Structure formats: C-alpha cells, structure tokens
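What's counted below: heavy atoms across the whole structure, side chains too, no hydrogens, waters or symmetry copies. This is a predicted model, so every value here is computed, not measured.
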Amino acid sequence: MTGAQALIESLKRAGVEHMFGYAGATICYAVDALANAPEIGYTLVRTEQNAGHMASGYYRVTGKVGVCMVTSGPGATNLITGIATAYMDSIPMVAITGQVPSNLLGRDIFQEVDITGAVAPFSKHSYLVKNADDIPRIVAEAFHIASTGRPGPVLIDLPSDIQQQELTREYHYPEQVSLRSYKPSVRGNELQIKRVIGAIEQAQRPVLCAGGGVFLADAQQELTEFAERTCIPVVTTMMGLSLMPSAHPLNMGMIGAFGSQAANQALTDADLLIMVGCRVADRAILSPSTLQERTTIVHIDVDPAEIGKNMTAEIPVVGDVKVILGQLLERAQKGGQTEWLTGLQEVRYQVRHREFPSTPGYVFPGHLLRQLSRKLQCNAAVVADVGQNQIWACRHLQLEGPRFLTSGGLGTMGYALPAAIGVKVAQPNRQTVVICGDGSFQMSFNELAAIRAADMDIKIILIQNNYLGLVRQIQDTPTYPAGPFGVALDGSPDFAALAAAYGIPSRVLSEDRDVDDALDEMLNTPGSFLLICMVDPKATTND
C-alpha cells in the first residue's frame, strides 16, 4: 500500500463521504487513489479558496468534518482564506495539501511554500508528513483534533514522494485517539454550576446570549428548554441566528452594532448576562468594560482561552455547552413572565411589524427578505454573504425553522455561494437559498460551473446596487472626509447574461410590488435560479 492509498483508506475509515478539491502535480498520486474509491464523492471547485467554504457549508448542515484537498504552492496559498474563515467560525475541517518532494523542501523549487508555517496562526494544528507509515495515525488524530473541544481546521501537508512511498508495516487505522497534551474539558465544574443557578435566582433582569458554539455543540434543544423553563429572554450573536425561531416569545434577536433594538435594550438593561458558546467580539458588544461594570457576567464556553479574553467573567464555566446546559437544567427552577420581559416583547413586536420605505425603480431589502421568510420551507438553508446583504439578512429575515449560515468571524466575501454548494452536496433535497451582493457574487460566481456540473438546485438572490455597499456606507461618514472612493463596481457584467452562459435562468426585480411574484418564480423554477434585485445605491443598513 502506498502513502496515497493509505490516505484515502484512512479518510474512508474516518467516515468521509465527500471531498472538495482542485488537483495539481504534487497531489496527483492522492487524486489517483481517490479515483479508485467510489465511496467518497468529489466536487471540483473552480478556485481553491472555495474548497474550504464548501467544506464549511457541508459540515454546518451535517455535523461531519469537512474535507478539502488541493495542490502545493498557489493551490495551498489560495486555500488559506478558506482555512482562516473556518478557524474564525470554529468549523472542523481537515485540509490536505500536496507538497514538493521531501528531499527538496526548503530549496524554493517550483510551487513550494511552507504552508504549515503559513497557516499556523489560524489553524488548530498541522502536520508535515515525513513517513507513509504515519499517515493512518495522522489522519485519525487530525479528525479527532478538528472535531473535539473547540472545533477548527487541521492541515495535513503531504509531500509527493511520501504519497508514492510504500508502507513498511501493515496498515492500521487507530480506533481510538488519545493525545496526552490534548484533553478538552466536557463537564462543567459543579461548584460553578451552583453559582450560575444562584446568580439566576438573584437576578431581576437576566439575559441569555447565545452564539455559534451552541450549534457546534448541537445544543439548540437544550438552550430552548433552559430559556423556557427559566423564562429568560435570549439574544444571539450573528453566528447564533436561527438557534431559536424568530417568533419565539423569548427570542429578542441579534445584538450588536447591526442588531435589533429589543436585543440591544435587553443587553443594556440586564443585571445578569449568561453568555453561551460565544466570544465577546467587537461587532456584538461594543464596550465590554462598560457592560461588566454594571452586569454580572457568566461565560460558558468549551475554549478556556475565550473566557476573560475581552471581558472578565465573574462566573466562568468551561466545558461542552450541551453538557453544561444539561447540568443547569437539572437544577433550574421554573421562572415566570416579568414586566421587564413584557416590555422587551413589545419593542420586538414593533420592530418586526414596521412598515418599510419604497423607492420607485428599486426593491427595499427589508421588504424582499421579509417576504422571502414567509415562503421558505421549514428546513431551508439560507446562506448569506458579507456586506450590506449580510446585515439586511440578519435584520430582516424572520426564520421560524430554516438554518442561517454566514461568515461571522473573518467576514469573507464570496463565502455564500460555495458554502451553499457544500450544503447541497450534503443534502440535495434541502431548499438552499443564497443571499449575496454584486460585489461578493463576483468573488465566487465561477462556482456556477460546479453548480451546473452537478445540476444543483440553488436559488441565488443577488442584491445589486453597483457598489461595495457597506464600505461606501462607512466612507460616507464624517470620519472619511474624502467620501466614497474605490467602491463603484463599474464594469460589472450583465448578470442575467452571465447566468444564461451557465444555463441558469434569471429575472430582474426592480419594484416592491413585484416581489411576491418574483420570489414565487424563483422558488418554483426547477433547478438553480438567479434573482437580480435592484437596490437603491443610497440605501443603508440603518434604513
């Protein structure tokens, strides 16, 4: 058995059913072995960065570690953004890169880069394989590290000569992995659990703040049950959107600079903040020091490095979020409706039922997205890109069942379309909708070829305002006296013609009165569809 064959056999033993990649000279032996493994599906991406995003989307709807494989040099460096995006959002991923022959490492030969060194700051771990006999162990460890504790990407760099090398001993894939220096906490400290319950009993205005870590721990049910039993209102970070139905009476929405009024008011007035599976990022909490001065902080997270990084927690609890919420449920007392909660619900109702402005010749994003919410299937996946389109989606989508996905940590433009492909590969029958701007779409529309090749059914809502809208919005403030510069998307293609070139039907939408009909056409057309929505360039996320 060669190293390449050992790699593919190990991936099968790890339960891999699909990979995303782009072949090149230094990874061809592994690709050749993959060709003889029909158990593992393969999607050819059109640029390596998107292999990482597809693996991310695949994981986020299946819970299975995403896998991508590319060649050395520019193939590996192109994948860096996909790895960094996964790292910032704690997505478990195993990224495999080809490498030049091991005896030539360090000589700057054709397509050589130190990829393990390059990704060190934003990968959970990395391996440079030096012996084919080590491949089964390394693959098993990579999947274990990627998927346990705080999840994240792990890189395996595999020189081409090691792929050719014959194993010198019998192939053996470890059934169990035990790393002496890596023992993530699972169960929360019982004393700290008691302190959390005591803080809840004393609080007058408690708030639960839930983040993407709740999804990663598969703890949505426990979160909802805990909130309902204690009658504590819930706010979410961007990565926590869709943890609870938007209409749930305890769901106040997203916090932060682009969050809802009810959520931010809850955070401002709270005397107890219980953070569950979230970090204190600047977009979510603008002034952590001010908040901790007036509020008792409980921080529950699997990663001890996150606790105290940006805001001191009076009661830290380290461990698996699902397990800890279960521990809290064992002790939690039944709570009741309070005057404060009723006030928050009134504010939330007013925001959810506001009237949107209308401008002739344009579609208002709030109206578009509210209507989309009403038409989505209960298990749909909605993948938003980055920019104004992301903020509008966060603010105006009312999701009662669908799963919301986006790039929250790194804020990677071009994420949505390839991530949606990952979703569709994993679950072909799941309704999948992409929301993107004309800037972000042009960073990944080459993946329409991957959609066409697999005859996928992905609905794409393209918000076109002919600008890098969020950057323009930022530049159009007194902080930047020169005003908007370098943000006009001049030279953009005819998006309808572009879609037609890939065999994808489209429609241009430019009036609010036509939104319902256009959405029905998009959702009811077999196969993929591009809905091009003309939005006023002056529209902002504050409208």
Hydrogens and angles aside, do D157 and T116 bring a side-chain donor and acceptor to less than 3.5 Å of each other? no
For a ring-ring contact (aromatic ring centres under 6.0 Å, His included) check, start with the C-alpha distance between H53 and F20, then their side-chain angles and the critical distance, and finish with the verdict. CA-CA 9 Å; H53 299 335; F20 306 91; over 10 Å; no
When you measure from the centre of the six-membered ring of Y349, is the NZ or CZ of R354 under 6.0 Å away and within 45° of the axis? no
Would you say the side-chain atoms of D271 and Q204 include a donor-acceptor pair closer than 3.5 Å? no
Close aromatic pair by centroid cut-off 6.0 Å: Y182 and H125: no
Can you spot which of L128, I156, V154 makes a side chain to side chain contact (heavy atoms under 4.5 Å, CB included) with I138? I156
Answer yes or no: is there a donor N or O on one side and an acceptor on the other, between the side chain of R430 and the main chain of N379, under 3.5 Å? yes
Given 3.5 Å as the limit, does a donor-acceptor pair link the side chain of N251 with the main chain of M244, or not? yes
Return the set of residues passing salt bridge (charged side-chain N to carboxylate O under 4.0 Å, His left out) with R150 (not counting sequence neighbours), or none when no residue passes. D303, E306
How far does NZ of K375 sit from CZ of R370, to the nearest 0.5 angstrom? 14.0 Å
From E201 CD over to T230 OG1, what is the distance, rounded to the nearest 0.5 angstrom? 11.0 Å
Does the side chain of R472 come under 3.5 Å of the side chain of Q475 through a donor N or O and an acceptor N or O? no
About how many Å separate CG of L376 and CD of Q371, when rounded to the nearest 0.5 Å? 11.5 Å
Between the main-chain N or O of T338 and the side-chain N or O of T342, is there a donor-acceptor pair closer than 3.5 Å? yes
Test item: E400 side-chain N/O and A247 main-chain N/O as donor-acceptor pair under 3.5 Å: yes
Would you compute the distance between atom OG of S440 and atom CD1 of I463 and round it to the nearest 0.5 angstrom? 9.0 Å
Does any donor atom in the side chain of S444 or Y415 lie under 3.5 Å from an acceptor atom in the other side chain? no
Is a side-chain donor-acceptor pair under 3.5 Å present for T412 with T85? yes
Under a 3.5 Å distance rule, please check whether Q377 uses its side chain to pair with a backbone N or O of T432 as donor and acceptor. no
Main-chain N/O of Q473 paired to D476 side chain as donor or acceptor, under 3.5 Å: no
Got a salt bridge between E190 and K194, using NZ or NE/NH1/NH2 to carboxylate O under 4.0 Å? no
Rounded to the nearest 0.5 Å, how far does CD of Q49 lie from SG of C68? 11.5 Å
Backbone of G188 reached by a side-chain donor or acceptor of Q327 within 3.5 Å: yes
Kindly give the heavy-atom pair with the smallest separation between T47 and V45, and that separation in Å. O-CG2, 3.4 Å
Side chain to side chain contact (heavy atoms under 4.5 Å, CB included) partner of L468, chosen from V487, D438, I474: V487
How would you list, by chain and number, every residue that makes a salt bridge (charged side-chain N to carboxylate O under 4.0 Å, His left out) with E17, sequence neighbours excluded? K64
Whether the side chain of R294 engages the backbone of T268 through a donor-acceptor N/O pair (distance < 3.5 Å, no angle test) should be reported. yes
N/O donor-acceptor pair under 3.5 Å between R205 side chain and D269 backbone: yes
Using every non-hydrogen atom in the two residues, find where Q388 and L470 come nearest and quote the distance to one decimal. CG-N, 3.4 Å
Under 3.5 Å, side chain of S123 to main-chain N/O of S126, donor-acceptor pair present? no
Just one of F258, F404, F356 clears the ring pair (Phe, Tyr, Trp, His ring centres under 6.0 Å) bar with H396, so which one? F356
